[in-house]
Amino acid sequence: MQQTEAKSYDTRAWARGYTTLTEEQAYWITPSSGTIPEGLSGTLWRNGPGRFDRGGVPYTHPFDGDGMILAVTFKGDRVYVQNRYVATAEYQAEQRAGRILYKNVFGTLRPEGFWANWFDFGFKNVANTGVIHWGDKLLALWEAAPPYHLDPVTLATWGSEDLGALAGRPFSAHPRIDPVTGHLWNFGIQVGLTTQIHLYELDQKGVMVSQRTEIITGMAFIHDCLITENYVILVQNPMALDPLWFVLGVKGAAECLRFAQGQPTRIFLFPKAGGPKITLETDPFFIFHHVNAYEEQGSIVLDTIRYEEYLKTEEDKDFREVDFTKIPGGRLWRLRLDLATKKVTGQQWSTQICEFPQVAPQCVGYAHRYAYIGAAHDAQKNGPLQVLWKVDFQTQAQQRYSFAPHGFVGEPQFIPRPGSTSEDAGWIVILVYQSQDHHTDIVIFDAQNITAGPVTRIALPHHVPFGLHGNWSPGYHRALV
């Protein structure tokens with residue numbers, strides 16, 4: 001009899017993490033083990049899909065799920081937890097109707113058939129990808145639209161936010177904050193007869209201090225950006241759109257994307273001080289998320305999570321039934337961009353499948369030694385994220401802590417220890433879905449000693465669906481007023 005290879009996970013157990021959370025709650029809670037570390041004080045904001053069905057009809061892709069904000073405030077020995085949906089105009093309309101009313105980017109269409117979707121070029125704003133507290137505004141972020149402005153105390157939605165200058169242009173879910181100037185850099189992509197890239201610079205008060213627009217050739221699927229001391233960097237994946245089935249209302253826009261055979265990956269460097277962009281080309285690959293970049297002796301070092309092909313869900317199959325052995329996984333790569341020759345060289349850093357990288361905020365755009373990443377349990381094979389992985393680029397050392405077989409992780413958040421000058425002095429806060437009893441733990445690690453295991457666990461009385469991105473506001477306690 002043929003033996004089945006043992007796995008660190010059960011796909012059905014993992015899939016329960018994509019169960020809709022209907023309740024919006026706010027409550028105090030204390031740790032179930034350990035204590036809140038002294039100095040860990042402030043609010044962790046997280047965003048991600050919270051609803052995966054409407055009116056009995058499941059969404060086709062998890063990224064079509066309605067955005068739900070989670071706010072976790074640490075104060076003393078207690079934690080205040082809130083969750084609330086981003087009440088976009090489309091979300092409110094569907095709440096009232098009790099059914100799907102809008103076409104979505106990643107594949108969820110109106111359920112009445114193609115005739116209800118054909119020649120519809122609009123998209124539902126799900127506001128589900130990122131969240132940041134900036135200039136005293138809490139902003140829910142999504143790729144293809146301006147942000148939504150939320151009340152940081154109650155998480156109530158106040159409405160679409162123009163930031164004084166967007167004029168309806170999109171504002172991406174991946175801003176980067178320069179630790180030297182304190183300014184926030186972001187971008188937005190508009191695809192039409194031409195592809196426009198909009199770059200934005202905001203000061204610490206949230207005022208737009210500079211912006212520029214560039215027209216590029218080709219389809220732009222760009223999810224993340226990077227900064228260095230002198231540049232904003234965007235990596236253009238080599239993608240093409242086959243629009244027919246989208247126009248006819250049979251598929252969502254993302255389902256019509258494919259790798260553009262024979263096209264290179266392009267890397268754009270935009271000088272922060274202005275001036276023409278620099279374009280470099282290299283072999284084709286696909287990227288969702290970058291680690292960090294910095295300038296070094298006439299070159300730029302760029303660490304990223306690289307896929308060898310576009311990560312696409314299987315058509316006509318529930319995304320919860322994914323076979324991880326049949327889809328590509330992302331691996332950590334280090335690229336070097338030679339600014340004099342415009343040559344790009346690179347090397348895979350590890351065989352480990354991974355995603356959602358972070359570095360210490362004081363290193364963003366500058367040299368970093370460490371990165372913290374979600375990873376698969378098996379160091380060689382693809383699988384759901386179950387491991388907190390710390391890498392040391394200087395010594396090549398690695399630290400791992402696995403929550404297998406029942407635990408599944410999201411994006412780690414590095415929080416610096418106040419007053420410390422060491423790059424890895426601080427904590428990692430990470431959400432862990434515990435599939436065995438369908439709840440989520442908020443888990444805290446000492447960032448210098450991941451292998452020692454959690455120093456604190458906070459067992460929530462409910463699950464939090466698998467999320468996407470978040471940010472940390474040190475010392476922020478207004479949610480408790």
Side-chain angles (χ1 to χ4, degrees), residues 20-24 45-71 82-112 116-135 137-175 186 188-192 198 200 206 246 249 252-254 465 467-469:
T20 294
L21 176 64
T22 56
E23 298 83 7
E24 296 178 324
W45 317 93
R46 301 210 60 81
N47 194 0
R51 173 179 284 278
F52 305 96
D53 54 84
R54 176 76 72 176
V57 178
Y59 294 164
T60 302
H61 194 285
F63 294 170
D64 289 337
D66 299 280
M68 187 192 73
I69 304 297
L70 178 74
Q82 295 185 83
N83 73 289
R84 195 161 183 176
Y85 279 93
V86 184
T88 66
E90 297 96 325
Y91 175 82
Q92 293 182 66
E94 290 189 335
Q95 281 285 87
R96 291 190 296 268
R99 59 188 178 90
I100 294 172
L101 298 176
Y102 301 96
K103 197 172 184 178
N104 286 258
V105 170
F106 283 90
T108 304
L109 307 176
R110 295 188 186 94
E112 294 86 359
N117 296 280
W118 74 331
F119 286 91
D120 179 0
F121 302 107
F123 297 117
K124 177 184 176 182
N125 182 349
V126 288
N128 69 1
T129 313
V131 59
I132 190 168
H133 188 256
W134 193 256
K137 293 178 179 178
L138 184 62
L139 303 174
L141 307 176
W142 183 60
E143 311 291 271
Y148 261 82
H149 187 184
L150 312 178
D151 186 326
V153 177
T154 67
L155 303 184
T157 302
W158 286 348
S160 183
E161 174 58 49
D162 187 67
L163 298 174
L166 289 180
R169 294 188 295 269
F171 191 80
S172 167
H174 276 286
N186 202 3
I189 304 290
Q190 281 185 304
V191 178
H198 306 288
Y200 313 109
F246 168 70
L468 294 172
H469 303 296

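Residue indices begin at 1 and follow the sequence shown.
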Can you name the side-chain contact (heavy atoms from CB on, under 4.5 Å) partners of [X], sequence neighbours left out?
X    : value
P58  : none
A145 : N125, W142
L141 : I132, L139, P147, F171, A173, P175
A89  : Y148

If the condition is side-chain hydrogen bond (donor to acceptor under 3.5 Å, both in side chains), which residues does [X] pass it with, not counting sequence neighbours?
X    : result
Q190 : H198
R169 : Q211
R51  : none
D53  : T20

Set of residues satisfying ring-ring contact (aromatic ring centres under 6.0 Å, His included) with respect to Y102, sequence neighbours excluded: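 For Y102 there are no ring-ring contact (aromatic ring centres under 6.0 Å, His included) partners, ignoring immediate neighbours.
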With sequence neighbours excluded, tell me which residues meet salt bridge (Lys or Arg N to Asp or Glu O under 4.0 Å) with [X].
X    : value
E24  : none
K137 : E161
D64  : none

Can you tell me how the ring of Y91 sits relative to the ring of Y85, calling it parallel under 30°, perpendicular over 60° and tilted otherwise? parallel
Taking all non-hydrogen atoms of both residues, which atom of [X] and which atom of [Y] are closest, and how far apart?
X    : Y    : value
E94  : L101 : OE2-N, 2.8 Å
T129 : E143 : CG2-OE2, 4.2 Å
Y200 : P170 : OH-O, 2.8 Å
V153 : Q82  : O-NE2, 3.1 Å
A127 : A140 : O-CB, 4.2 Å
P146 : S160 : CB-OG, 4.0 Å

